[in-house]
Trainee: 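One structure follows; several queries about it will come next.
Only heavy atoms go into these numbers, but all of them, side chains included; no hydrogens, no water, no symmetry mates.
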Amino acid sequence: MSAPSTDQAAKKPSQAKRVLVLQGGGALGSYQAGAYEALCHHDFEPEWIAGISIGAINAAIIAGNEREKRVPRLKEFWEMAASPVPWSPLLPGDRARSYFNEAGAAVIAAFGVPGFFVPRIPPAPLWPPGSPQSLSYYDTAPLKATLERLVDFDRINDCKTRLSVGAVSVTTGNFTYFDNEIFKAKGKKIGPEHIMASGALPPGFPSVEIDGEHFWDGGIASNTPLDFVLDDVASDLLIFQVDLFSARGLLPQSILDAQEREKDIRFSSRTRMNTDKNKRIHNIRKALRDLIGKLPDDLRQDPSVALLSEAAKENTVTVIHLIYTSKVYESSSKDYNFAHINMAEHWGCGERDVFLSMRHKEWFEGPQPGESMVTHALTADDYNTLPLHPIKSNRSK
C-alpha cells in the first residue's frame, strides 16, 4: 500500500488518512490484535486509532508504543490474559469444544484474569451498600498496573498517533470521548484511568472516577466509535473498522443460541445500519454541493446558501469492514472466555480477514467513485477461497 498523499483530496483510498476503529468485545479482542499484525505486513500505519472497551485497550497499546514494539506488546497482553486456561480440549469435535469453552469460561468467572481483573472476596452483595466493593463483582486494579507497563502514555500525550476512546457517564448517561488531540489543546492528558473507564462494563467491573465524574464502558451506549471518526471531515479517510459482534446471524435453535444471538445484536451496535446511514448523509451532502454549484451568482451570496455550503463540506471515506464471525462451538460466554486456544484462533481469524481483504486491490487503488463514502466487506465467496473453521453467521453474497 502506497504512502499517504499530501494532497487534500485523495484520488484513491490508499492515499487517504488511515484510521483504525476497534469495537468492544472482551476476550474476542485478540481478533483485533491479529488484524493489526496483518495490517503491519501491508504497510498500514494508522494515523488515528479509536476504540471502545477492549478496543480501547488494544488501541492504547498500539498508539502508546513505537511501531516495532506494538505487536510484541499486544502479544504480551493477550498471552497474559489467556494464561488461566492454557490447556486445550481433550477430545475432538464441536460438542467437546463447546464443553471445553464453558469450562474455560467458568474458570475465568471464578478466578479472573491476571493483570486484568480479580474477583472480589467476599462477593459484592456481601459488602455494605454504597461501598466501592459493593458495586462490582471484580476489581480491575491489576489493569492499571498492566497499562502502565505496556503503554507509553507520554507518547500518547505527545499525539504521535491520535487516540480516541469512548465512555459513558454513570449519572448523566451522556457519551464522552477521551481524545488526546482534544485533550492536548485543553492542557489535559490521557492516562490509564481513561482507558479503564472505556472498559468498565457493569456489573462486572467498577466505574472509574475522572475529574469527579464516574464513567462506565462506552459499549453501554454505543459499542463502536465509527460515528465519532466520521464527524471529522477535514481529511479523506481510509478506515479499517474491526468489529467483534455480528449484527447478522442465524435463527437460534436453543436457549444458549438465543443468549448468544441477543448479545451479538446488542453489542454489534448495528454497525452496518450506522454505516448505511452515514453513507446516505455523505451522499446527500455531495448532492447539495452539486446543487449549490448550479446556482446563479446572486443566489450564492444569500446567507442561507452560505449556511448550507458550510454544512455540505465533505471528505471522501472508504470503510473496510472486518467482522469476527462466531464458530459453531462458541456461545454467549465467548466474550469472557480467555482460553489460550480461543485467543489464538481469534488472532488467526483477524490475520486471515485482513489477508482476504487485501486481495481486493480495487478497494484501495481504484479512484473513489461518485459516492463520497463507500464501504466494503468480505463475502461468503471470499471465505470459500480460504476455509478455516465452520462459522455460524450468514455472509452476504
Side-chain angles (χ1 to χ4, degrees), residues 24-29 51-61 64 77-78 80-84 105-151 153 156-157 163-180 183 188-223 225 263 266-267 332-333 335-338:
L28 301 174
I52 287 176
S53 197
I54 197 67
I57 294 175
N58 283 330
I61 293 173
F77 174 81
W78 284 103
M80 175 196 71
S83 61
V107 169
I108 297 299
F111 301 105
V113 171
F116 197 163
F117 60 91
V118 293
R120 296 196 184 279
I121 300 174
L126 300 182
W127 289 89
S131 64
Q133 297 89 342
S134 71
L135 300 176
S136 66
Y137 290 106
Y138 299 95
D139 181 0
T140 54
L143 178 58
K144 184 175 186 293
T146 296
L147 290 171
E148 290 172 337
R149 179 169 54 86
L150 296 180
V151 177
F153 284 94
I156 287 176
N157 291 306
L163 174 68
S164 310
V165 299
V168 63
S169 169
V170 176
T171 54
T172 69
N174 292 335
F175 202 95
T176 298
Y177 277 99
F178 305 123
D179 182 283
N180 61 347
F183 270 35
K188 301 171 66 176
K189 293 185 176 182
I190 296 285
E193 64 275 13
H194 298 94
I195 311 304
M196 295 173 67
S198 183
L201 183 65
F205 297 163
S207 64
V208 176
E209 185 178 359
I210 299 173
D211 296 332
E213 188 170 3
H214 286 260
F215 290 93
W216 271 335
D217 192 309
I220 295 174
S222 175
N223 202 32
K263 182 177 284 187
R266 175 159 43 100
F267 286 120
S332 62
S333 67
D335 60 333
Y336 62 91
N337 186 350
F338 286 84

Trainee: Under the side chain to side chain donor-acceptor pair (under 3.5 Å) test, which residues partner Ser136, sequence neighbours left out?
Mentor: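 With sequence neighbours excluded, Ser136 shows a side chain to side chain donor-acceptor pair (under 3.5 Å) to Arg120, given in chain and number order.
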Trainee: Take Phe178 and Ile210 through the side-chain contact (heavy atoms from CB on, under 4.5 Å) test and state the conclusion after the steps.
Mentor: CA-CA 11 Å; Phe178 305 123; Ile210 299 173; 3.8 Å; yes
Trainee: So does Asp217 get a backbone contact from the side chain of Ser53, meaning a donor-acceptor N/O pair under 3.5 Å?
Mentor: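 Not a single qualifying donor-acceptor pair exists.
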Trainee: Rounded to the nearest 0.5 Å, what's the gap from CE on Met196 to OG1 on Thr140? Could you check?
Mentor: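 Interatomic distance, Met196 CE to Thr140 OG1, rounded to 0.5 Å: 3.5 Å.
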Trainee: Does some side-chain heavy atom of Ile220 sit less than 4.5 Å from a side-chain heavy atom of Pro202?
Mentor: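 Pro202 vs Ile220: side chains touch.
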Trainee: Could I get the full list of side chain to side chain donor-acceptor pair (under 3.5 Å) partners for Asn174, not counting sequence neighbours?
Mentor: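 With neighbours one apart ignored, the set is Thr172.
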Trainee: Has the side chain of Asn180 got a donor or acceptor atom that lies under 3.5 Å from a matching backbone atom of Ile156?
Mentor: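 Between the backbone of Ile156 and the side chain of Asn180 there is a qualifying donor-acceptor contact (under 3.5 Å).
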Trainee: With sequence neighbours left out, write down each residue that passes side chain to side chain donor-acceptor pair (under 3.5 Å) with Ser198, or none if nothing qualifies.
Mentor: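 Listed in chain order: nothing, the list is empty.
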Trainee: Yes or no on side-chain contact (heavy atoms from CB on, under 4.5 Å) for Ile52 and Phe175, after CA distance, side-chain angles and deciding distance?
Mentor: CA-CA 11 Å; Ile52 287 176; Phe175 202 95; 3.7 Å; yes
Trainee: What heavy-atom pair brings Met80 and Val113 nearest, and what distance separates the two atoms?
Mentor: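 Looks like O-CG1, 4.5 Å.
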Trainee: Evaluate whether atom NZ of Lys263 has more than 12 neighbouring non-hydrogen atoms of other residues, nucleotides or ligands under 6.0 angstrom away.
Mentor: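 Counting neighbours around NZ of Lys263, more than 12 heavy atoms of other residues, nucleotides or ligands fall under 6.0 Å, so yes.
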Trainee: Do the non-hydrogen side-chain atoms of Ser207 and Leu135 ever get within less than 4.5 Å of each other?
Mentor: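 A side-chain contact under 4.5 Å is absent here.
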Trainee: Rounded to the nearest 0.5 Å, how far apart are CD of Glu213 and OG1 of Thr171?
Mentor: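 So the CD of Glu213 and the OG1 of Thr171 are separated by 5.0 Å.
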Trainee: Minimum heavy-atom separation for Gln133 and Trp127, please, with both atom names.
Mentor: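 For Gln133 versus Trp127, the nearest heavy atoms are CB-CD2, 3.3 Å.
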Trainee: When rounded to the nearest 0.5 angstrom, what distance separates NZ in Lys144 from CG in Asp139?
Mentor: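 One finds 12.5 Å between NZ of Lys144 and CG of Asp139.
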Trainee: Is the closest side-chain heavy-atom distance between Pro142 and Pro114 below 4.5 Å?
Mentor: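 They are not in contact (no side-chain heavy atoms under 4.5 Å apart), so the answer is no.
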Trainee: For a ring pair (Phe, Tyr, Trp, His ring centres under 6.0 Å) with Tyr138, tell me which candidate from Tyr336, Phe116, Phe117, Phe111 qualifies.
Mentor: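 Testing Tyr138 for a ring pair (Phe, Tyr, Trp, His ring centres under 6.0 Å) against Tyr336, Phe116, Phe117, Phe111 leaves exactly one candidate, Phe117.
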Trainee: Tell me the closest heavy-atom pair linking Gly130 and Ser134, and the distance in Å.
Mentor: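 Heavy-atom minimum between the residues: N-OG, 3.4 Å.
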Trainee: Can you tell me how far CD1 of Ile57 sits from CG of Leu143, rounded to the nearest 0.5 angstrom?
Mentor: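 Going from the CG atom of Leu143 to the CD1 atom of Ile57 covers 5.0 Å.
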Trainee: Give, for atom OG1 of Thr176 and atom CZ of Phe215, the distance between the pair rounded to the nearest 0.5 Å.
Mentor: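 Nearest 0.5 Å value for the OG1-CZ distance: 4.5 Å.
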Trainee: So Asn157 and Phe183, side-chain contact (heavy atoms from CB on, under 4.5 Å) or not? Walk me through it.
Mentor: CA-CA 8 Å; Asn157 291 306; Phe183 270 35; 5.6 Å; no
Trainee: Which atoms form the tightest heavy-atom contact between Ala56 and Val165, and what is the distance?
Mentor: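 That would be CB-CG1, 3.6 Å.
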Trainee: Looking only at heavy atoms, which two atoms of Ala110 and Pro119 are closest? And how far apart?
Mentor: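 Closest heavy-atom pair between Ala110 and Pro119: O-CG, 3.3 Å.
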Trainee: Using side-chain contact (heavy atoms from CB on, under 4.5 Å) as the criterion, point out the one residue from Leu163, Val208, Ile61 that pairs with Ile195.
Mentor: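 Of Leu163, Val208, Ile61, side-chain contact (heavy atoms from CB on, under 4.5 Å) with Ile195 is met by Leu163 alone.
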Trainee: Any side-chain heavy atom of Tyr137 within less than 4.5 Å of one from Pro125?
Mentor: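 Touching, per the 4.5 Å side-chain cut-off.
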Trainee: Has Leu126 got more than 12 heavy atoms of other residues, nucleotides or ligands less than 6.0 Å from its CG?
Mentor: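 Yes, enclosed.
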Trainee: Minimum heavy-atom separation for Phe267 to Asn223, with atom names?
Mentor: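 Shortest heavy-atom separation between Phe267 and Asn223 comes out as O-ND2, 2.8 Å.
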Trainee: Show the numbers, then the answer: is there a side-chain contact (heavy atoms from CB on, under 4.5 Å) between Trp78 and Asn58?
Mentor: CA-CA 10 Å; Trp78 284 103; Asn58 283 330; 3.1 Å; yes
